[in-house]
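Inspection log for the structure reproduced underneath, given as structure tokens.
One is the number of the first residue; the rest follow in order along the sequence. First listed ligand is number 1; within each ligand, the first listed atom is number 1.
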Amino acid sequence: MKDLISITDLSIEELQELIAKAEDIISNPDEYCEKCKRKKLATLFFEPSTRTRLSFESAMLELGGSVIGFSEAASSSSAKGESVADTARTISCYADIIAMRHPKEGAPLVAANAASIPVINAGDGGHNHPTQTLTDLLTIYREKRRFNNLKVGFCGDLKFGRTVHSLIQAMSRYEGNSFVLISPEELRVPGYIKTDVLDKNKLQYKETDNWDDMAELDILYMTRVQRERFFNEADYLRLRDVFILTEDKLTNAKDDLCIMHPLPRVNEIERAVDSDKRACYFKQVLYGKYIRMALILKLLGVE
Ligand code: NCD
């Protein structure tokens with residue numbers, strides 16, 4: 001495997017190896033601090049980001065490597081009309097590995113085909129976000145010690161939320177999982193997720209517009225309504241506040257419910273929930289760095 005474009009580029013065994021590597025890094029960080037000496041990561045971000053870009057950058061720095069890149073399209077030659085393929089070919093002359101975020105679905109794949117170095121999809125439009133999924137999987141593993149027989153609720157913008165699509169793809173590969181897809185009708189998961197992922201793997205799922213299944217959930221994955229992917233502001237304003245997680249909605253939830261969110265949060269989780277012991281979203285941020293360290297090591301072939 002040269003690149004990571006979709007979470008399914010990794011086999012279940014490879015995923016497990018990455019999780020094990022991340023856990024080893026967490027326990028023995030000093031052993032890894034020079035592993036990527038003289039290696040360079042390029043972060044090519046054509047869309048806003050706080051966590052993903054800085055998490056990749058800290059991951060590379062903690063491995064002893066260095067980082068170059070840009071954080072907005074306007075400061076790169078794409079503003080002059082350069083293609084993604086040409087940019088990727090150019091960066092291959094400077095760096096050892098690329099992490100790319102782009103508003104267009106498929107752009108990181110185009111980059112991967114043109115680049116001679118590994119390319120990691122750091123989010124492509126409303127499509128996929130495999131490294132957030134690695135982050136989510138490490139969080140689930142550390143909280144639950146398993147990936148099977150879990151009831152997972154996804155809530156919010158399931159249509160444009162790329163992290164949802166990638167995590168459903170990942171969790172669909174394990175036995176006994178079921179999904180409750182909580183969203184307004186207009187923001188349900190895309191058809192291909194139902195036909196090619198959920199139905200194909202014969203998974204149980206339910207689409208709903210209420211919180212009635214809260215008491216049965218093992219994981220609740222909240223998401224932000226993706227304003228930047230809406231065609232008109234009026235629709236965004238109408239839909240953004242439909243699902244807000246408050247402490248009272250959690251009264252009958254399981255004691256060991258794991259509440260996740262890829263962040264950034266706008267207002268879909270009330271601040272009071274942050275101090276609930278079931279809130280895991282800031283732990284997710286930390287785990288993201290370790291799993292990205294493991295991924296960089298794997299793609300660079302560093303032992
Ligand atoms: C997510 C993304 O960019 O898709 N953020 C992230 O990478 N942690 C979620 C979002 O923007 O809502």
Side-chain angles (χ1 to χ4, degrees), residues 4-7 22 41 43-59 69-73 98-109 119-140 152-170 181-184 187 189-190 193 219-230 235-236 239-245 258-269 274 279-293 295-296:
L4 179 69
I5 302 300
S6 155
I7 192 68
L41 163 76
T43 49
L44 313 184
F45 275 59
F46 296 84
E47 252 196 354
S49 168
T50 297
R51 270 151 297 272
T52 306
R53 184 171 61 83
L54 296 181
S55 156
F56 265 114
E57 298 192 358
S58 346
F70 51 82
S71 54
E72 51 177 356
I98 291 173
M100 175 186 278
R101 169 170 288 189
H102 202 285
K104 286 212 177 98
E105 288 80 5
L109 177 61
V119 174
I120 302 170
N121 177 5
D124 62 329
H127 189 216
N128 279 174
H129 193 345
T131 65
Q132 180 62 45
T133 300
L134 291 176
T135 301
D136 300 338
L137 290 173
L138 179 58
T139 308
I140 292 171
V152 188
F154 286 92
C155 177
D157 187 345
L158 313 187
K159 178 179 182 186
F160 297 117
R162 54 193 174 196
T163 65
V164 171
H165 307 154
S166 294
L167 185 55
I168 291 179
Q169 283 177 335
L181 306 173
I182 310 161
S183 76
L187 297 181
V189 291
I193 294 286
I219 293 166
L220 173 61
Y221 194 95
M222 294 296 299
T223 61
R224 164 182 79 90
V225 177
Q226 307 277 300
R227 181 182 202 159
E228 65 276 34
R229 317 242 183 262
F230 275 72
D235 282 347
Y236 167 72
L239 295 169
R240 67 168 183 190
D241 293 333
V242 178
F243 289 99
I244 297 181
L245 183 65
C258 173
I259 305 169
M260 300 173 64
H261 191 310
L263 303 179
R265 152 178 61 186
V266 183
N267 60 348
E268 56 282 350
I269 302 181
D274 297 2
C280 294
Y281 29 94
F282 286 104
K283 283 190 213 169
Q284 257 170 286
V285 177
L286 179 64
Y287 295 151
K289 181 183 69 180
Y290 295 116
I291 198 80
R292 288 185 175 96
M293 289 171 79
L295 178 67
I296 291 170

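The pair Asp157-Arg227 does not count as a salt bridge, with every side-chain nitrogen at least 4.0 angstrom from each carboxylate oxygen.
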Working for salt bridge (charged side-chain N to carboxylate O under 4.0 Å, His left out), residues Glu47 and Arg229
CA-CA 12 Å; Glu47 252 196 354; Arg229 317 242 183 262; 2.8 Å; yes
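At the shortest separation from atom 11 (O) of ligand 1 among protein heavy atoms lies Arg224 NH2, 2.8 Å. Of the protein's non-hydrogen atoms, the one nearest atom 3 (O) of ligand 1 is Arg162 NH2, 2.9 Å.
Residue-ligand proximity, Pro264 to ligand 1, at heavy-atom distances under 4.0 Å covers atoms 5 (N), 10 (C), 11 (O). Less than 4.0 angstrom separates some heavy atom of Thr163 from each of these atoms of ligand 1: 1 (C), 4 (O). Counting the atoms of ligand 1 from 1 in the order shown, those under 4.0 Å from a heavy atom of Thr52 are 6 (C), 7 (O).
Judged by distance alone, the side chain of Arg162 and the main-chain N or O of His129 form no donor-acceptor pair under 3.5 Å. Within the 3.5 Å criterion, the main-chain N or O of Cys155 finds a donor-acceptor partner in the side chain of Thr223.
Within the set Thr50, Leu263, Val266, the minimum heavy-atom distance to atom 1 (C) of ligand 1 is found for Leu263. Nearest-heavy-atom check against atom 8 (N) of ligand 1 across Gly156, Pro262, Gly126 picks out Pro262.
Contact between Arg101 and ligand 1 is present, with at least one heavy atom of the residue lying under 4.0 Å from the ligand.
Taking the six-membered ring where tryptophan is involved, the planes of His261 and Tyr281 are perpendicular, since the angle between them exceeds 60° and thus also 30°. Classification of the Phe154-Tyr221 ring pair by plane angle, with boundaries at 30° and 60°, yields tilted.
For ligand 1, the polar-atom distance check finds an N/O of Gln226 within less than 3.5 Å of one of the ligand's N/O atoms.
When all heavy atoms of Ser6 and Pro130 are compared, the pair lying nearest together is C-CB, 4.0 Å.
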